[in-house]
> 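I have a structure here, written as structure tokens, and I will follow up with some questions on it.
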Amino acid sequence: MTRAVRAFLLALRDVPNPRVLRILLQSLALTLLLLIVVGAAIYFAAGWALDHWQWLGASERDMAGILVVLAIIAGSWLLFRAVAIVVVGLFADAIVADVEGRHYPAAAARAVDVGWRQNIRLALASVVRLIGGNLLALPIYILLLVTGIGTPIFALFVNGLLLGRDLEAMVLARHPDRPRLDRPARWSLGLLSAASFVVPVANLLAPIVSAAMAVHMLHLRSGDRK
């Protein structure tokens, strides 16, 4: 965990870099655009369905419309991590290359190029794991609802495991010859990243910070820091 905290602090120091800020703004804009498009599609589809459900009265349709809007807002918050990871996956090579170039030039010189096709494959695989892992954990989420805090704690644990693997794969794509992180290091990486997605406002920085943290985690272990 000590190395994960050090990597996290180093990643925070990377955020003010102009290139990182540019990637951050681009990824946030694309993430928000995708969320708006999906939300608008759901809203208009729900509106069409409500207009054609004649068995609902006018007041019931109004109430249903309000519930749809609230569901879209809540769903956007819940889906933010999934969409953000997909978008950051598209910029992953640029983020990793920038952090490596400034902090680990020897490792950057040995890195292999990662094409946009592989970035897309990594991003889609991340979403599949996210959805599949949380669906498998859904019965436990429901059972833990009676505890009050059990569900969010277990969700943090599950998503920490998933996110640690995804972030590690993002960096290892440029360094296929490197060994994987050990399980505690990977889980520490995922846990800190998953926790940062939960904090309002900070979650906007979480995708970029998490990617930079993964770079530091991998290379600090190998002693590559200049």
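If you're wondering where the values come from, they're calculated on a predicted model, not measured in any experiment. What you see below is based on every heavy atom in this structure, not just the backbone, and it leaves out hydrogens, waters and symmetry mates.
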> Is it the case that one hydrophobic cluster holds both Leu24 and Leu167, taking links as side-chain heavy atoms less than 4.5 Å apart, direct or via other members?
yes

> Nearest heavy-atom pair of Met170 and Ala211: which atoms, and what distance?
SD-CB, 4.0 Å

> Test of understanding: with side chain to side chain donor-acceptor pair (under 3.5 Å), list the residues that count as partners of Asp14, not counting sequence neighbours.
Arg102, His103, His216

> Is there a donor-acceptor pair closer than 3.5 Å between any side-chain N or O of Asp98 and the backbone N or O of Ala94?
no

> Between the main-chain N or O of Leu122 and the side-chain N or O of Ser126, is there a donor-acceptor pair closer than 3.5 Å?
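Checked: no pair found.
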
> Measuring from Leu156:CG to Asn159:CG, what's the distance to the nearest 0.5 Å?
7.5 Å

> Return the CG to CZ distance between Asn17 and Arg22, rounded to the nearest 0.5 Å.
8.5 Å

> How far apart are the closest heavy atoms of Leu172 and Pro179, and which atoms are they?
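Closest approach of Leu172 to Pro179, heavy atoms only: CD2-O, 4.2 Å.
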
> Could you please spell out the steps behind the side-chain contact (heavy atoms from CB on, under 4.5 Å) verdict for Gln118 and Arg174?
CA-CA 11 Å; Gln118 186 172 357; Arg174 285 172 53 85; over 6 Å; no

> Measuring from Glu100:CD to Ile95:CD1, what's the distance to the nearest 0.5 Å?
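One finds 12.0 Å between CD of Glu100 and CD1 of Ile95.
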
> Would you check if Leu220 and Leu10 make a side-chain contact, meaning some heavy-atom pair closer than 4.5 Å?
yes

> Measure across Thr147 and Leu144 and return the closest heavy-atom pair with its distance rounded to 0.1 Å.
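Heavy atoms of Thr147 and Leu144 come nearest at OG1-O, 2.5 Å.
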
> I need the Ser196 OG to Leu163 CG distance, nearest 0.5 Å.
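Here the rounded value is 7.5 Å.
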
> Quick check: is Ile153 connected to Phe157 through a chain of hydrophobic side chains (ILVMFWY, heavy atoms under 4.5 Å apart)?
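No; Ile153 is not reachable from Phe157 via cluster members.
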
> If you group Ile, Leu, Val, Met, Phe, Trp and Tyr by side-chain heavy-atom gaps below 4.5 Å, do Leu138 and Ile140 land in one group?
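Same cluster.
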
> Where is the tightest heavy-atom contact between Arg178 and Ala107, given as atom of each residue plus distance?
NH2-CB, 4.0 Å

> Distance from His175 atom NE2 to Leu218 atom CG, nearest 0.5 Å?
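Those atoms lie 6.5 Å apart.
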
> If hydrophobic clusters are built by linking Ile, Leu, Val, Met, Phe, Trp and Tyr wherever their side-chain heavy atoms come under 4.5 Å apart, do Val158 and Leu143 end up in the same one?
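No; Leu143 is not reachable from Val158 via cluster members.
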
> Which heavy atom of Phe8 sits nearest to which heavy atom of Val209, and what is that distance?
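Shortest heavy-atom contact: CE1-CG1, 3.8 Å.
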
> Same hydrophobic cluster for Leu25 and Val20, using side-chain heavy-atom links shorter than 4.5 Å among ILVMFWY?
no

> Work out which heavy atom in Leu189 is nearest to a heavy atom in Ser210; give both atom names and the distance.
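Result for this residue pair: CD1-O, 4.4 Å.
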
> Quick check for you: to the nearest 0.5 Å, what is the distance between Ser193 atom OG and Leu162 atom CG?
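Here the rounded value is 12.0 Å.
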
> Can you classify the ring geometry of His219 versus Tyr104 as parallel (below 30°), tilted (30 to 60°) or perpendicular (above 60°)?
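Tilted: the ring planes of His219 and Tyr104 meet at 30° to 60°.
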
> Heavy-atom count check: over 12 atoms from other residues, nucleotides or ligands less than 6.0 Å from Ile149 CD1?
no

> Between Glu168 (side chain only) and Leu181 (backbone N and O only), is there a donor and an acceptor less than 3.5 Å apart?
yes

